[in-house]
Number of protein chains: 4
Amino acid sequence: MSEDHRSVHATSGAVVTAPSADSAMCEPRPMRADAARNHEKILLAAEEIFALDGVTVPIDIVAERAGVGIGTLYRHFPTKEALYEEIVVTRLRGLIATADECAKNPDAQEGLCSFLREFAHQASEKHDLFDALGQAGIDIKVRFFDVLEELMVRIDVLRQRAVDAGRVRDDVATKDMLNLVMGTCHAAGQSGVDGANLQRLVDIILAGIKNPN
Amino acid sequence: MSEDHRSVHATSGAVVTAPSADSAMCEPRPMRADAARNHEKILLAAEEIFALDGVTVPIDIVAERAGVGIGTLYRHFPTKEALYEEIVVTRLRGLIATADECAKNPDAQEGLCSFLREFAHQASEKHDLFDALGQAGIDIKVRFFDVLEELMVRIDVLRQRAVDAGRVRDDVATKDMLNLVMGTCHAAGQSGVDGANLQRLVDIILAGIKNPN
Amino acid sequence: MSEDHRSVHATSGAVVTAPSADSAMCEPRPMRADAARNHEKILLAAEEIFALDGVTVPIDIVAERAGVGIGTLYRHFPTKEALYEEIVVTRLRGLIATADECAKNPDAQEGLCSFLREFAHQASEKHDLFDALGQAGIDIKVRFFDVLEELMVRIDVLRQRAVDAGRVRDDVATKDMLNLVMGTCHAAGQSGVDGANLQRLVDIILAGIKNPN
Amino acid sequence: MSEDHRSVHATSGAVVTAPSADSAMCEPRPMRADAARNHEKILLAAEEIFALDGVTVPIDIVAERAGVGIGTLYRHFPTKEALYEEIVVTRLRGLIATADECAKNPDAQEGLCSFLREFAHQASEKHDLFDALGQAGIDIKVRFFDVLEELMVRIDVLRQRAVDAGRVRDDVATKDMLNLVMGTCHAAGQSGVDGANLQRLVDIILAGIKNPN
DNA sequence: AATGAATGAGAATTCATTCAT
DNA sequence: AATGAATGAATTCTCATTCAT
């Protein structure tokens with residue numbers, strides 16, 4: 001009545017080059033041309049829908065929107081949660097890259113600000129990200145945790161630089177900043193605040209954490 | 001929580017006694033006493049559980065916690081959403097009262113601050129309120145809207161007084177303030193920030209909207 | 001994304017006597033008149049269908065056959081497996097009673113034989129029982145295990161008496177007997193052997209375990 | 001496993017070369033060599049897995065184990081059931097050969113016994129065979145039926161010889177013997193009885209059918 | 001001819017809501 | 001008026017089979 005067969009389903013298959021008569025310099029995996037497209041379509045659809053309606057949307061809706069059968073969706077992501085995770089992790093990775101970029105800004109304060117603005121921008125339109133981050137403290141998934149941890153570290157670099165430059169209060173933790181910005185964006189996003197107004201809100205927060213020396 | 005409503009009952013129907021042949025010898029229905037008690041018990045249980053586990057808890061759990069049958073629950077609230085609504089509306093009414101109270105504070109700035117702190121306090125422990133408010137912009141229910149509108153007006157009084165007293169920037173809308181505080185509380189609440197730390201976050205926001213001149 | 005609410009669902013509710021104006025000597029639980037009937041209907045339907053088609057039949061079929069909705073079925077049995085278990089356990093209990101009865105037979109050999117015949121009789125028409133017993137060694141469920149253990153003990157009493165009376169070989173374990181009878185019945189049942197012929201098969205087995213002294 | 005068959009392919013279709021303009025310079029298709037190898041690999045994998053985990057294993061697992069794609073598997077066997085059938089039929093053919101061999105034994109009794117022992121031996125480790133045979137009476141497939149019939153005939157030869165030699169009761173049908181041995185093996189196999197003990201069970205059955213005169 | 005991606009009809013289970021007692 | 005049993009649509013996920021590459 002309860003079995004389990006079936007070895008773990010790898011999300012990204014082995015990279016095989018076509019074994020037959022093909023010449024030298026071809027890309028490393030010409031295989032699965034349209035499978036890759038489907039993967040992308042699913043990801044895209046899921047992003048849109050999760051961002052719009054939250055993570056509670058039935059998964060068939062996602063499949064339908066992606067234009068594939070549910071079976072296909074499940075071939076690419078073994079679980080609804082896995083799909084969700086992939087989206088969030090991808091987005092977190094993007095934010096890490098953004099943070100790294102901002103860390104190169106010679107003006108420490110400017111670096112922090114531009115990061116938070118970009119962060120806010122993404123946050124405002126992607127509910128799912130924030131549902132995820134918001135729940136991070138509660139229902140932590142390992143994969144999440146690692147990337148989130150990583151992101152925190154990067155943001156902390158930005159914050160510390162700004163503190164060292166005397167521009168930001170030293171009693172504000174990175175987590176505080178995230179809660180402020182993230183939460184505000186969440187609320188703003190849901191009550192339909194547009195981008196420009198959102199930036200104003202971020203500016204208020206920035207003013208709040210400014211060193212009042 | 002956001003789809004079709006088949007029943008059209010008002011949330012709290014007027015309590016009608018059977019209109020036919022009954023006026024003579026029947027008791028005047030003091031039964032309403034313990035019906036009222038049930039109403040209260042349900043409300044209390046729902047508050048606790050929604051606040052604790054979010055609005056996704058199955059409604060039987062609420063009934064069980066309240067110590068009544070589901071049937072009874074449904075007699076009092078025609079819909080899960082109606083129950084939910086009643087809680088939020090009640091709480092909003094409480095906040096309106098708080099706002100009125102704070103408006104009596106001779107120090108305008110102090111009035112605003114103490115309101116926002118109380119607001120944050122409630123928010124930090126009651127997820128449901130803010131799930132609700134957060135979604136208010138999207139899935140507006142008429143009853144919500146009215147009370148929310150009302151609350152906004154009261155907060156605006158506080159804000160305006162502080163602005164007039166030169167203590168708060170005049171380019172910050174009431175709605176902005178709500179988004180900032182509410183969103184932050186939401187995020188903080190979900191990541192398990194305690195009351196003291198939450199007050200620090202509110203203080204940061206207050207610093208951010210302070211008139212810098 | 002993954003919650004759990006909901007306290008464990010007891011299969012048999014608390015036994016409550018009607019609290020209102022009812023007289024002295026009423027049965028202990030006049031409540032749930034038709035719920036009990038449904039429970040029975042489900043059990044009956046499941047027995048028939050499992051016995052006929054094996055345990056792989058979709059559960060809606062069982063519900064349909066019982067004339068109830070699936071929801072109802074699940075109210076009575078929290079799991080398909082639980083339903084299955086209940087049937088098997090009930091039947092095993094019946095066999096235990098039979099064994100006890102047979103143990104009263106003054107003729108030890110006769111006691112054993114009549115038990116095995118009854119056993120075979122039930123086995124031949126109830127596939128599920130034997131699917132269950134057959135798998136007992138593999139996918140043991142605790143509840144099964146206990147009752148099965150119990151049954152084995154009772155059968156062993158019968159066997160031992162017959163051995164002591166010099167009628168049965170002493171090198172045949174109870175488990176051996178069960179495998180022989182059960183297995184044969186399973187095969188016979190599936191190939192459509194009728195009751196009379198089945199008894200002949202049992203007699204062959206009995207002949208095989210007879211003490212050849 | 002027991003419903004509609006949409007495709008109507010024969011289980012092992014004749015291998016046809018394209019009938020059009022091709023006779024001249026094309027190779028004579030020695031390709032069938034490795035196609036045959038695949039056929040064998042699939043059969044082997046299926047045997048192992050079905051015997052180990054029963055016939056409910058998803059077919060992809062079989063393909064994976066065989067080291068071929070599902071597509072390939074389906075090219076060789078139009079249906080899961082067809083694959084299953086082929087295995088059983090092959091095994092039945094093996095048993096027919098064994099029976100023929102045993103029929104050469106000058107000692108009739110010995111011939112029957114050694115056949116049944118070999119039969120039991122195979123049965124004990126190959127669940128699938130007996131799941132299949134067990135269900136043969138219910139869900140008969142034509143191909144099965146023929147081979148099974150054939151096997152019965154051969155066993156009957158063995159039985160009759162033993163009866164004629166006065167060693168075996170004449171009121172035991174071949175089918176009875178099969179039910180006894182097969183069923184016992186099934187049960188024993190599932191409850192994890194090892195080979196030696198299984199032989200003991202077979203001996204009990206043999207004792208049971210021995211001519212008692 | 002081989003591959004494995006796509007498909008979609010089920011299957012088990014949950015939960016808001018209705019209804020008989 | 002209260003109870004909790006019944007209901008069934010909706011949801012997640014599986015797996016035999018088909019089809020494009």
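Letters A, B, ... are given to chains in the order of the sequence lines, protein chains preceding strands, and every chain is numbered from 1.
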If we only count heavy atoms from C-beta on, is the [X] to [Y] side-chain gap below 4.5 Å?
{"X": "D:Lys41", "Y": "D:Asn38", "value": "yes"}
{"X": "B:Phe77", "Y": "B:His39", "value": "yes"}
{"X": "C:Leu83", "Y": "C:Leu43", "value": "yes"}

[X] side chain, from C-beta outward: closest of [options]:
{"X": "D:Pro58", "options": "E:dA2, F:dA16, E:dA11", "value": "F:dA16"}
{"X": "B:Ile59", "options": "F:dT17, F:dA6, E:dA16", "value": "E:dA16"}
{"X": "D:Ile70", "options": "E:dT14, E:dT17, F:dT17", "value": "F:dT17"}
{"X": "B:Tyr74", "options": "E:dA6, F:dT12, E:dA16", "value": "E:dA16"}
{"X": "D:Arg75", "options": "E:dT17, F:dT12, E:dA1", "value": "E:dA1"}
{"X": "B:Thr72", "options": "E:dT7, F:dA2, F:dG4", "value": "F:dA2"}
{"X": "B:Lys80", "options": "E:dT13, F:dA2, E:dT17", "value": "E:dT17"}

Residue pair B:Gly71/A:Asn38 against DNA chain E: nearer the 5' end by closest nucleotide is A:Asn38

5'-most contact on DNA chain E (nearest-nucleotide basis), A:Gly67 vs D:Leu73, goes to D:Leu73

If the cut-off is 4.0 Å, is B:His76 near the phosphate of F:dA1, judged by side-chain N/O to OP1 or OP2? no

Which is it for A:Thr72 and A:His76 under the side-chain contact (heavy atoms from CB on, under 4.5 Å) test, yes or no, and what are the steps along the way?
CA-CA 6 Å; A:Thr72 304; A:His76 287 275; 3.8 Å; yes

Pairing string of DNA chain E (Watson-Crick or G-U wobble, both atom distances under 3.5 Å; | = paired to other strand) is .||||||||||||||||||||

* Which part of the nucleic acid, if any, lies within contact of A:Asp60, taking any heavy atom under 4.0 Å across all strands shown: a base, the sugar-phosphate backbone alone, or nothing? -> base

Step by step, work out the side-chain contact (heavy atoms from CB on, under 4.5 Å) result for A:Phe50 and A:Val62. CA-CA 9 Å; A:Phe50 283 164; A:Val62 175; 4.3 Å; yes

